[in-house]
Amino acid sequence: MQSKATTPDQYIDELPEDRKAAMQKLRDVVNRNLPKGLEEVMSYGMLGYVVPHSIYPKGYHCDPKLPLGFFNIASQKNSINIYHMVLYANKNLHDWFVAEYPKHCKSKLDMGKSCVRFKKLDDIPYDLIGELMTKVSVEKYIEMYEKLLEK
């Protein structure tokens, strides 16, 4: 479900009532722990956190007009999802997250390559997601990203 919202506030306002509180709390946690330099935008119909062109002028390699994506939050039909590009790109961070998850959440981890799905809103591990956001600086992310592009 991609939103047609043009601002993050509009995105939250348009959510079904049963999702608004969880999505706003998640957004607040992310914004409080956001690495310096990232900006909150609408990206692919979701809340997006990106490296702006002012920091990384090359932009996203598939479409350089777009800023380099770092993290997204989406309210999908059956879940609230987060998408963290570093979980996909960095095995050590991925392994840390997988190991920490059961310490914060009773439900089984439902995870794809960069996507983590939360079907029960009460199971969203806000503290863990906040900590995850602090693990990689913008500079380190750009370095990882460029190394992956070289391959």
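No experiment lies behind these values; they were computed from the predicted model shown.
- With values rounded to the nearest 0.5 angstrom, L34 atom CG is found 11.0 Å from T134 atom OG1.
- Residues L66 and I142 are members of one and the same hydrophobic cluster, defined by side-chain heavy-atom contacts under 4.5 angstrom among Ile, Leu, Val, Met, Phe, Trp and Tyr.
- In terms of hydrophobic clustering, with Ile, Leu, Val, Met, Phe, Trp and Tyr side chains grouped at heavy-atom distances under 4.5 Å, Y83 and L121 are assigned to a common cluster.
- Hydrophobic clustering of Ile, Leu, Val, Met, Phe, Trp and Tyr side chains at less than 4.5 Å, counting indirect connections, unites M133 with V29.
- Looking at D9 and Y11, their side chains never bring a donor and an acceptor atom within 3.5 Å of each other.
- Between R27 and E40, at least one side-chain N (NZ, or NE/NH1/NH2) sits under 4.0 Å from a carboxylate O, which counts as a salt bridge.
- A salt bridge does not link K147 to E150: none of the charged nitrogens lies less than 4.0 Å from a carboxylate oxygen.
- With salt bridges taken as basic N to acidic carboxylate O contacts below 4.0 Å, one links K91 and D95.
- Closest approach of P64 and H53 over heavy atoms only: O-NE2, 2.9 Å.
- Scanning all heavy atoms of the two residues, the minimum distance from A74 to M23 falls at C-CE, 4.2 Å.
- For the pair L38/V138, a side-chain contact is recorded, criterion being any heavy-atom separation below 4.5 Å from C-beta on.
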Stepwise side chain to side chain contact (heavy atoms under 4.5 Å, CB included) test for N31 and Y49: CA-CA 9 Å; N31 279 319; Y49 301 86; 3.4 Å; yes

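- Residues P67 and V51 share a closest heavy-atom pair of CB-O, 3.3 Å.
- The shortest distance between side-chain heavy atoms of P8 and M42 falls below 4.5 Å.
- The aromatic rings of Y56 and Y145 stand perpendicular to each other, their planes meeting at an angle above 60°, with 30° marking the opposite boundary.
- Inter-residue side-chain proximity for I82 and L26 is flagged as met; some heavy-atom pair is nearer than 4.5 Å.
- H94 contributes atom NE2, which lies 10.5 Å from atom CG of N90 (distance to the nearest 0.5 angstrom).
- Annotation for S79 and R19: closest pair O-NH1, 3.2 Å, computed over non-hydrogen atoms.
- The structure places NZ of K120 at 9.5 Å from SG of C105, a figure rounded to the nearest 0.5 Å.
- Aromatic ring orientation, Y141 versus F70: perpendicular (interplanar angle above 60°, classes split at 30° and 60°).
- Within the 3.5 Å criterion, the main-chain N or O of Q10 finds a donor-acceptor partner in the side chain of T7.
- Here the side chains of F97 and V116 are in contact, with some heavy-atom distance below 4.5 Å.
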Do E143 and K140 pass the salt bridge (charged side-chain N to carboxylate O under 4.0 Å, His left out) test, and can you show the C-alpha distance, the side-chain angles, and the key distance before you say yes or no? CA-CA 5 Å; E143 182 183 312; K140 184 69 177 167; 3.4 Å; yes

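- Y88 and Y44 end up in different hydrophobic clusters when Ile, Leu, Val, Met, Phe, Trp and Tyr side chains are linked at under 4.5 Å.
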Side chain to side chain contact (heavy atoms under 4.5 Å, CB included), that's the test. Do W96 and L132 meet it? Break it down for me. CA-CA 9 Å; W96 169 84; L132 172 64; 4.0 Å; yes

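- Atom OG of S54 is separated from atom CD of E39 by 5.5 Å, given to the nearest 0.5 angstrom.
- In terms of heavy atoms, E14 sits closest to S3 at OE1-OG, 3.8 Å.
- A continuous path of Ile, Leu, Val, Met, Phe, Trp and Tyr side chains, each step under 4.5 Å between heavy atoms, connects L128 with L93, placing both in one hydrophobic cluster.
- Shown are T6, V50, N72; of these, the side-chain contact (heavy atoms from CB on, under 4.5 Å) with V41 is made only by V50.
- What you find for G130 and N33 is that their closest heavy atoms are O-CB, 3.3 Å.
- With contacts defined as side-chain heavy-atom distances shorter than 4.5 Å, the pair L47/I12 qualifies.
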Output, in order, the C-alpha distance, side-chain angles, deciding distance and verdict of side chain to side chain contact (heavy atoms under 4.5 Å, CB included) for F118 and I129. CA-CA 12 Å; F118 303 104; I129 293 167; 4.0 Å; yes

In sequence, state the C-alpha distance, the side-chain angles, and the governing distance for D110 and K119, and then conclude on salt bridge (charged side-chain N to carboxylate O under 4.0 Å, His left out). CA-CA 9 Å; D110 183 358; K119 292 184 177 149; 3.4 Å; yes

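- We find the CG-OG distance between L87 and S114 to be 7.5 Å, quoted to the nearest 0.5 Å.
- In this structure, NZ on K58 lies 8.0 Å from CG on L149, to the nearest 0.5 angstrom.
- More than 12 heavy atoms of other shown residues, nucleotides or ligands fall within 6.0 angstrom of atom CG in D63.
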